[in-house]
Number of protein chains: 2
Amino acid sequence: MRETGVKDRILETASRLFYDQGYNQTGINQIIDEADIARASLYHHFPSKTDLLLAYLDRTHELWFEELEIHMRPIAGARERLLALFDFRVRRQLKLKYKGCHFNKIVAEACEDPQVFDRVRAHKDRFRKYIYDLVRQTGHRHTDDDTLADTIFLLLEGGIAMGALYRSPEYTEKGRRIVASFL
Amino acid sequence: MRETGVKDRILETASRLFYDQGYNQTGINQIIDEADIARASLYHHFPSKTDLLLAYLDRTHELWFEELEIHMRPIAGARERLLALFDFRVRRQLKLKYKGCHFNKIVAEACEDPQVFDRVRAHKDRFRKYIYDLVRQTGHRHTDDDTLADTIFLLLEGGIAMGALYRSPEYTEKGRRIVASFL
DNA sequence: GTCTATAAAATGATAGAC
DNA sequence: GTCTATCATTTTATAGAC
């Protein structure tokens, strides 16, 4: 069993469990069992559970934007691309069974660790910038360039949160229709 | 020490800790210590930690709408009342130090208990209806009565979530400005 | 109803052999 | 680097005296 294989399997298993069950409800023992690795192997690669959490956030952040790029690649036109952000989120909700935003979930678990907050903020900041750039391309040259971008961002965040509660994409879809009426 | 006094003190202490630290990160022992009651007294009034959680949700729900009523009472006019919803949320964010929505936090902690989900949905349903009723009073007799209400609801939810992340009321305030431009 | 003592299991993390 | 055995805490919950 190659080292990288083991390390990856640990991180993949931990990622799945952290998202499905919650970080605090996932014990080290369960990760060891389900990844089928030795106890000491986990602590060799990740000295503490917090290190595993930070690696989870980094990995999820990377995968998130990779999937976004794949989704957005074939879509042309700033207006259509803005609406595609909602489609991207709806598709993810379906795929992930409406368990909400990976990052907001971790913040909600009352983790006070500043390293965690920094990573989550960095993730949201980057996505917000992505929206802002698209809005500018629509030709909306009003003073409220940013207001439109903020609206889209908040509707997406609200839609994901309510999707997790109602186990439904309907709020994200409502957000899409609202934005479509603006553009 | 009267029974009701003990029971109330347990629930008050648990409520504070569940919100500040998170439900899963709060142990029964800490509640017993900080409420300064006997171990068996807690289990007498609340047979399990889940019972305590359900009582917390019920209590928070009641207090939430009581505080909303107090905030809204002096405000006249449907438009002003709709905007006052944002002010109410901003004021709460300041008071509660930006720890987010009590109810969304519990859902995010990956509690699968249907009794929990039912209570959180009931809370959101009631607030959503509150918004819908106000929107109808504005005279907005468009087909998109509900769309406006949904917009307000989602902007509020997104604002609270981002408030918890950025420890700032700015996103809720942005939501207010967005809605003010509609009305 | 409240008390203390304790159970039974799970937690995150470490030691030392190989 | 991987293994097994184990530690010290902490977890939720119960028993039985008063």
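Labels below follow one simple rule: chain letters A, B, ... track the order of the sequence lines, proteins then strands, and each chain is numbered from 1. Heavy-atom basis, side chains included; hydrogens, waters and symmetry copies ignored.
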Under a 3.5 Å threshold, yes or no: a donor from one side chain and an acceptor from the other, between Tyr132(B) and Asp150(B)?
yes

Assess the side chains of Ser15(B) and Arg59(B): does a donor N or O sit below 3.5 Å from an acceptor N or O?
yes

Give the B/S/- string for nucleotides 13-18 of chain D, one per nucleotide from 5' to 3', where a protein heavy atom under 4.0 Å of the base yields B, of only the sugar-phosphate yields S, and otherwise -.
BBB---

Mind calculating the distance between [atom1] ([X]) and [atom2] ([N]) to the nearest angstrom?
X	N	atom1	atom2	value
Gln25(A)	dT11(D)	CD	C1'	13 Å
Phe46(B)	dT12(D)	CZ	C1'	16 Å
Asp51(B)	dT12(D)	CG	C1'	13 Å
Asp36(B)	dT2(C)	CG	P	13 Å
Ile32(A)	dT6(D)	CD1	C1'	13 Å
Lys7(B)	dT2(C)	NZ	P	11 Å
Gln21(B)	dT10(D)	CD	P	14 Å
Leu42(A)	dT4(D)	CG	C1'	15 Å

Can you name the residues that form a side-chain contact (heavy atoms from CB on, under 4.5 Å) with Ala122(B), not counting sequence neighbours?
none

Please tell me if His44(B) has a side-chain N or O lying less than 4.0 Å from either OP1 or OP2 of dC3(C).
no

Could you tell me whether the phosphate oxygens of dT2(C), OP1 or OP2, come under 4.0 Å of any side-chain nitrogen or oxygen in His45(B)?
yes

Distance under 6.0 Å and angle within 45° of ring axis: Arg128(B) vs Phe153(B):
yes

Measure the acute angle between the ring planes of Tyr56(B) and His102(B), then classify it against the limits of 30° and 60° as parallel, tilted or perpendicular.
tilted

Ring pair (Phe, Tyr, Trp, His ring centres under 6.0 Å) filter on Phe86(A), not counting sequence neighbours, yields none

